[in-house]
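Hydrogens, waters and symmetry mates are skipped; everything else that's a heavy atom, side chains included, is used. Every chain is numbered from 1 and lettered A, B, ... according to where its sequence line falls, protein lines coming before strand lines. Everything numeric in this text was worked out from a predicted model, so none of it was measured.
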Amino acid sequence: MSAIKGHEILLCDLDAFFASVEQRDHPEYREKPVIVGGRPDQRGVVAACSYEARKYGVHSGMPISRAEKLCPDAVFLPVDIERYRCVSAEVFAIYERFTAQIEKVSIDEAYLALPAEKGFETARKIRKTVKQELGLPISAGVSVNKLLAKMACELAKPDGIKMLRPEDVPKEIWRLPVKELPGVGPHTEKKLKQAGIKTIGQLAKFPKNRIIKMLGSVGESLHEFANGIDTREIETEQEPKSIGEETTFPKDVYDREKALTTLLKLTEQVGYRLRRKKLMGRTVTIKIRFGDFRTITRSRTLEEAVDADGTIYRIARELFLSNCGKPPWRLVGVQVSNLDKGSYEQVSLFSSIEKKERQLSKVIDEIRERYGRDAVKRATLISRKESSEQKRL
DNA sequence: AGAAAGCGTCTCCCCCAA
DNA sequence: CTAGTTGGGGGAGACGCT
């Protein structure tokens with residue numbers, strides 16, 4: 001039942017993280033509903049909201065426009081992800097004082113492994129330290145595996161702590177609706193409901209093979225989760241599998257050049273992030289969301305891993321042009337996957353054109369780091385000569 | 001009825017080779 | 001020779017989370 005024998009698992013989760021940081025740094029926002037989300041004037045959804053805002057029925061993922069109707073007096077703030085990342089790093093530095101076994105789940109959430117019997121006491125200390133040193137509310141769940149630690153934390157929120165033993169599962173977990181189970185989103189919830197399954201307890205007692213028939217391999221883990229069984233280990237070092245960026249236009253776009261310019265900008269940011277992490281990737285994927293919300297992705301996998309803006313953009317551009325269909329476009333995105341750390345330094349592998357592209361990207365990185373993002377600009381269009389040269393790659 | 005971000009990962013399906 | 005199996009890789013979309 002336990003992921004690691006003789007260990008306890010902690011799940012630490014900062015409460016309403018983005019909103020809490022804002023309330024901490026702006027005392028005037030405290031006790032008020034705070035809604036952090038996409039820029040107020042543009043289209044967007046709620047990324048985080050304070051507990052005061054939740055009272056009005058606001059929750060993450062909700063369109064900002066709807067949140068405004070539910071809670072017009074709320075403080076609406078843009079997502080300042082840079083700052084939340086800094087604060088998050090400070091929180092993780094506190095975790096480090098207690099254990100090296102830390103798995104980062106997201107910006108505000110981490111699993112920690114601790115020796116048996118130490119879990120609850122450590123969770124208590126972590127919460128106290130985070131509150132004292134950083135002034136942030138944080139909840140913690142303690143149990144024998146990840147799933148139960150997570151569920152314990154959900155029950156502890158907000159600003160609480162809870163220990164859950166496997167024998168508590170029937171009493172404490174089974175009464176909850178299935179959507180409370182991690183991994184059950186709206187789609188899975190609907191499928192389960194069609195089978196008459198509404199609570200975690202009903203799922204736990206349902207024949208496992210029928211759940212698997214309904215949900216495939218996810219069904220198997222969900223059924224085990226419902227019974228408090230989870231064999232996942234703590235993964236302290238997880239390499240990213242993809243790096244991508246996407247953006248929704250403030251207004252639907254009909255102009256192809258405008259869409260391409262945006263795609264270039266996104267590509268440059270993705271390329272920059274790759275190079276900073278010394279990663280390269282073999283698969284380039286673009287994403288297009290049309291005016292009617294229909295969304296497609298199209299990808300191409302290359303012979304060699306790439307990290308140069310020019311190279312990535314050339315592929316992205318081709319993919320866009322051959323798949324863009326009819327405007328309007330609502331969103332475009334670009335992603336590089338099939339990542340590989342090894343190839344970054346292996347200069348000899350690259351053709352001379354690719355070497356030049358990589359050099360150019362790195363020079364641009366330096367200029368931008370010194371003089372700012374707008375110091376250099378790349379042309380969207382690729383000259384005929386250049387593109388025919390590239391085809392020989 | 002109308003509005004719906006920006007990440008990232010996982011799963012399913014297909015094709016190919018053995 | 002044909003059909004089925006398996007495993008890997010690629011592509012597309014589903015899905016979940018903050």
Side-chain angles (χ1 to χ4, degrees), chain A residues 11 13-21 35-50 53-54 58-70 78-81 84-85 88 104-110 150 154 157 178-192 212 215-222 225 232 235 238-252 262 266 269-270 273 281-303 319 323 330-339:
Chain A
L11 189 268
D13 190 346
L14 292 146
D15 299 324
F17 181 45
F18 300 172
S20 295
V21 172
I35 296 172
V36 184
R39 283 160 241 163
D41 50 322
Q42 294 181 12
R43 308 193 271 199
V45 300
V46 175
C49 60
S50 69
R54 291 182 197 197
V58 178
H59 56 81
S60 63
M62 173 183 283
I64 292 278
S65 52
R66 173 119 189 273
E68 266 177 320
K69 278 175 204 150
L70 288 171
V79 178
D80 186 355
I81 195 70
Y84 310 145
R85 281 207 188 104
S88 171
K104 182 174 179 146
V105 182
S106 68
I107 192 166
D108 72 334
E109 206 177 321
K150 172 97 180 159
E154 291 303 317
K157 279 179 190 179
V178 272
K179 67 163 182 289
E180 300 296 322
L181 210 53
V184 177
H187 285 86
T188 311
E189 185 192 8
K190 200 173 163 194
K191 284 186 203 159
L192 289 171
I212 296 172
L215 303 177
S217 60
V218 213
E220 181 163 23
S221 356
L222 287 181
F225 283 2
R232 293 172 300 166
E235 316 253 2
Q238 35 199 18
E239 297 290 305
K241 298 189 172 161
S242 68
I243 290 182
E245 300 211 5
E246 65 190 48
T247 189
T248 299
F249 300 113
K251 286 199 170 145
D252 289 359
T262 303
L266 294 169
Q269 303 194 89
V270 167
R273 285 169 60 194
R282 284 179 51 224
T283 305
V284 177
T285 306
I286 60 140
K287 179 167 170 178
I288 303 171
R289 176 167 291 154
F290 297 93
D292 63 1
F293 222 72
R294 190 171 62 89
T295 309
I296 60 164
T297 61
R298 293 293 180 267
S299 65
R300 185 181 304 164
T301 299
L302 313 165
E303 208 61 22
L319 285 169
N323 294 286
R330 183 188 178 93
L331 163 154
V332 292
V334 61
Q335 180 201 59
V336 175
S337 57
N338 239 317
L339 300 182

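When the P atom is compared between dC17(C) and dA4(B), the two are found 22 Å apart, to the nearest whole Å. Taking the C1' atoms as reference points, dG4(C) lies 15 Å from dC15(B), given to the whole Å. Of the C1' atoms belonging to dT18(C) and dA1(B), the separation is 27 Å, rounded to the nearest Å.
In this structure the side chain of Leu215(A) reaches within 4.5 angstrom of the side chain of Leu192(A), judged on heavy atoms. The side-chain heavy atoms of Ser221(A) and Arg232(A), taken from C-beta on, include no pair separated by under 4.5 Å. Considering only heavy atoms from C-beta on, Ile107(A) comes within 4.5 Å of Phe18(A) through its side chain. When side chains are defined from C-beta on, Asp252(A) counts as touching Arg43(A), because their heavy atoms get closer than 4.5 Å.
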- Message: One character per nucleotide, please: for nucleotides 11-18 of chain C, 5' to 3', B when the base has a protein heavy atom closer than 4.0 Å, S when only the sugar-phosphate does, - otherwise.
- Response: SSB-SSSB
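When the salt bridge (Lys or Arg N to Asp or Glu O under 4.0 Å) test is applied to Lys157(A), the partners found at least two apart in sequence or on another chain are Asp13(A), Glu154(A).
Among the protein residues, Ser242(A) comes within range of the nucleic acid bases, having at least one heavy atom under 4.0 Å from a base atom. Here Arg282(A) lies in heavy-atom contact (under 4.0 Å) with sugar-phosphate atoms only.
Arg330(A) places no side-chain N or O within 3.5 Å of a backbone atom of Thr248(A) that could act as its donor or acceptor partner.
In the 5' to 3' direction, nucleotides of DNA chain B lying under 4.0 Å from heavy atoms of chain A begin and end at dA3(B) to dC12(B).
Residues Val218(A) and Leu266(A) both approach DNA chain B. Their nearest nucleotides, taken by heavy-atom distance, put Leu266(A) toward the 5′ side. Nearest-nucleotide positions on DNA chain B place Leu331(A) closer to the 5' end than the other of Leu331(A) and Ser217(A).
Under a 4.0 Å N-O distance rule, the pair Arg289(A)/Glu246(A) does not qualify as a salt bridge.
No more than 12 heavy atoms of other residues, nucleotides or ligands lie within 6.0 Å of CD in Glu303(A), so this atom counts as exposed by the packing criterion.
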